[in-house]
Amino acid sequence: MDKIASLSHSKWECKYRVVFIPKCRRRVLYDQLRKHLGEVFHDLARHKDSRIEEGHLMPDHVHMLISIPPKHAVSQVVGYIKGKSAIHLARVYGERKRNFSGQHFWARGYFVSTVGRDEATIRAYIQHQEREDQRLDQLRLWS
């Protein structure tokens, strides 16, 4: 376990498992975009005093373990990360400098669950999820 963080009047350890998808679950998180997006997520999390402990960008969704201080709402941080990363992607890959109305990269919702004492299990799942999905795809070929 990591050491417990502190604010001016409190000690805390608040970690969440977060999953969200691109609009219509398009398989767009490949190659150059996929590599670049991890850095963007880490930078945006730091802006909200949060830290991405573990993460993996799958071809059709984002899966992360994020530590968020209790002074921020989970919805506020996830909304910030999704919104700002969509704007960044539109600027860099969509070659758009302004007028972002109607530019939606991420689907509207997300999944979140709290991480209690099973943090190691969730970390392992996030790290090995892609390999497991590929194994299951291979098994489906024979059925």
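What's counted below: heavy atoms across the whole structure, side chains too, no hydrogens, waters or symmetry copies. Because the structure is a prediction, the values reported are computed rather than measured.
Val74 and Leu44 fall within a single hydrophobic cluster, where Ile, Leu, Val, Met, Phe, Trp and Tyr are joined by side-chain heavy atoms under 4.5 Å apart, directly or via other members. Taking hydrophobic clusters as Ile, Leu, Val, Met, Phe, Trp and Tyr residues chained together by side-chain heavy-atom distances below 4.5 Å, Val77 shares a cluster with Val112. No chain of hydrophobic side-chain contacts below 4.5 Å, direct or via other Ile, Leu, Val, Met, Phe, Trp or Tyr residues, connects Val115 to Tyr16.
With sequence neighbours excluded, the residues forming a side chain to side chain contact (heavy atoms under 4.5 Å, CB included) with Glu132 are Arg135, Leu136, listed by chain and number. Not counting sequence neighbours, the partners of Ala124 by the side chain to side chain contact (heavy atoms under 4.5 Å, CB included) test are His128. In terms of the side chain to side chain contact (heavy atoms under 4.5 Å, CB included) criterion, residue partners of His56 (sequence neighbours excluded) are, by chain and number, Arg34, Met58, Ile126, Glu130.
For the atom pair NE2 (His63) and CD1 (Ile122), the distance works out to 7.5 Å, reported to the nearest 0.5 Å. With rounding to the nearest 0.5 Å, the separation of CD in Glu54 from CE in Met64 is 11.5 Å. Note that CD1 of Ile66 is 12.0 Å distant from NZ of Lys15, once rounded to the nearest 0.5 Å. The distance from the CD1 atom of Ile81 to the CD1 atom of Ile52 is 5.0 Å, given to the nearest 0.5 Å. With values rounded to the nearest 0.5 angstrom, Ile21 atom CD1 is found 13.5 Å from Arg108 atom CZ.
Inter-residue side-chain proximity for Pro69 and Ser50 is flagged as met; some heavy-atom pair is nearer than 4.5 Å. Taking the side chain as every heavy atom from C-beta outward, Leu89 and Leu37 approach each other to under 4.5 Å.
Of the residues listed (Trp106, Phe105, Tyr110), the one engaging Phe20 in a ring pair (Phe, Tyr, Trp, His ring centres under 6.0 Å) is Trp106, and it is the only one.
Listed here is the closest heavy atom pair of His72 and Lys48: CD2-O, 3.1 Å. Heavy-atom minimum distance, Ser85 versus Lys82: OG-O, 3.1 Å. When all heavy atoms of Val62 and Phe41 are compared, the pair lying nearest together is CG1-CE1, 3.8 Å. A pairwise comparison of heavy atoms in Asp43 and His47 identifies O-CD2, 3.0 Å as the closest pair.
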